[in-house]
Amino acid sequence: MANEHLVLVHGEGHGGWCWFKLRWLLEGSGYRVTCIDLAGGGVDPTDPNTVRSFEQYDKPLLDLISALPEGEKVILIGHGIGGLSVIHAMHEFVDRIKEAIFVAAAMLPFGLQTDEDKKDGLPSLPENEVQLTFGAGADDPPTTVALRLEFQRDRLSQQSPEEDSILASMLMRPWPVSAIGTASFEGDDERLNRIKRVFIKTQRDHMLEPQQQDSMIKKWPPSEVLIIDTDHSPFFSAPEQLFNLIVKSL
């Protein structure tokens, strides 16, 4: 199994950089690993305030999968809102994805079609904890949102080494909230069910609460649910445990 190609998809405000510990563990065990930067994330040069559609946001991931050699399949691993990007790819490339792993991630078969979907799959952040940017004008909805520095550790990585939280605070970027809000997909969940799905639940998550994760699991049961007793960022707080769970699920 160690020749599998794993594509790691970051969540809101992050980039491919957040997976550095997991990538090291996976590559050390012989897996091929790609840590994608979505539009406006990580070192992608796009201004996130100019990302207006989910198609544009996901383009780096969709381009990667469409360029795969004939017959090659990948395993997608999504974190946080990166789960929506994984779902998008599942709709577009059902025959090119061998497995989808959701790490405290939005696992919604048709994206954000209803208020209930948003309640289940998106973090509920008080206004005082976020900074909004109105890149399209003051009368239009905000184009990006960022988690204020003083709240980042408690929301994302309260159990992680402090140096990892500091690194994240230096690298995080605002995420294109208006584009993410358009993540809505048409299709057949039976078709999606051809792809094995695994959900890794983070028990001490302050960003995507355990109750939200439970709701998504109940409404669209995956093949397997694995539990990790960590914050929202197990790739920082428990990378070896996360690695073991992922390898176990393959």
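Basis for what follows: all heavy atoms, side chains included, without hydrogens, waters or symmetry-related copies.
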List the atom of Phe102, the atom of Gly83, and the distance in Å for their closest heavy-atom pair. CE2-O, 3.7 Å
For Phe185 and His91, take the angle between the two ring planes, folded into 0 to 90°, and tell me which bin it lands in: parallel under 30, tilted 30 to 60, perpendicular over 60. tilted
Only pairs at least two apart or in different chains count here, so list each salt bridge (Lys or Arg N to Asp or Glu O under 4.0 Å) that has a residue in residues 66-80. Arg32-Glu72
Could you tell me which residues satisfy salt bridge (Lys or Arg N to Asp or Glu O under 4.0 Å) with Asp95, sequence neighbours excluded, listed by chain and number? Arg194
Residues which pass side chain to side chain donor-acceptor pair (under 3.5 Å) with Asn49, listed by chain and number, not counting sequence neighbours: Asp47, Thr143, Thr144
Any carboxylate oxygen within less than 4.0 angstrom of a Lys/Arg side-chain nitrogen, looking at Lys98 and Glu4? yes
Donor-acceptor pair, distance only, cut-off 3.5 Å: does the side chain of Gln152 make one with the backbone of Leu147? yes
Hits for side chain to side chain contact (heavy atoms under 4.5 Å, CB included) against Asn244, two or more places apart or cross-chain, chain-then-number order -> none
For the student: nearest non-hydrogen atoms of Pro176 and Tyr57, plus distance: CG-CD1, 3.6 Å
Of all heavy-atom pairs linking Asp117 and Leu108, the shortest is O-CD1, 3.6 Å
Under a 3.5 Å distance rule, please check whether His14 uses its side chain to pair with a backbone N or O of Glu12 as donor and acceptor. yes
Applying side chain to side chain contact (heavy atoms under 4.5 Å, CB included) between Ser157 and each of Ser169, Ser233, Ser237, report the one that passes. Ser233
Quick one: list whatever passes salt bridge (Lys or Arg N to Asp or Glu O under 4.0 Å) with Asp189, sequence neighbours left out. none
Listed by chain and number, what are the side chain to side chain contact (heavy atoms under 4.5 Å, CB included) partners of Thr182, not counting sequence neighbours? Phe54
Student check: side-chain heavy atoms of Leu245 and Val103 closer than 4.5 Å: no
Give a yes or no on whether the backbone of Ser178 and the side-chain of Arg52 come within a donor-acceptor separation of less than 3.5 Å. no
Please say whether more than 12 non-hydrogen atoms of neighbouring residues, nucleotides or ligands are located less than 6.0 Å from NZ in Lys59. no
Tell me the salt bridge (Lys or Arg N to Asp or Glu O under 4.0 Å) pairs involving residues 223-240, sequence neighbours left out? Arg204-Asp229
Just so I know, are the side chains of Leu8 and Cys35 near enough to count as touching, which here means a heavy-atom distance under 4.5 Å? yes
Stepwise side chain to side chain contact (heavy atoms under 4.5 Å, CB included) test for Leu226 and Ser249: CA-CA 9 Å; Leu226 303 171; Ser249 78; 4.2 Å; yes
Listed once per pair and sorted, the salt bridge (Lys or Arg N to Asp or Glu O under 4.0 Å) pairs that draw on residues 212-223, sequence neighbours left out: Glu116-Lys219, Asp120-Lys219, Lys201-Asp214
Short side-chain to backbone donor-acceptor contact, Gln203 and Ile227, under 3.5 Å: no
Donor-acceptor pair, side chain of Gln212 and main chain of Lys119, under 3.5 angstrom: yes
Please confirm whether the backbone N or O of Ala39 pairs with a side-chain atom of Asp44, one donor and one acceptor, at under 3.5 Å? no
Pairing residues for Asp58 by the salt bridge (Lys or Arg N to Asp or Glu O under 4.0 Å) criterion, not counting sequence neighbours: none
Going by the ring pair (Phe, Tyr, Trp, His ring centres under 6.0 Å) test, which pairs reach into residues 225-250, not counting sequence neighbours? Trp19-Phe235, His79-His232, His79-Phe235
Set of salt bridge (Lys or Arg N to Asp or Glu O under 4.0 Å) partners for Lys118, sequence neighbours left out: none
Spell out, as yes or no, whether a donor-acceptor pair under 3.5 Å connects the side chain of Ser66 to the backbone of Leu62. yes
Transitive ILVMFWY side-chain link Val86 to Leu64, under 4.5 Å: yes
What pairs meet the salt bridge (Lys or Arg N to Asp or Glu O under 4.0 Å) rule with one or both residues in residues 152-178, with sequence neighbours excluded? Lys21-Asp164, Glu129-Arg155
Can you tell if the side chain of Arg197 reaches within under 4.5 Å of the side chain of Met107, non-hydrogen atoms only? yes
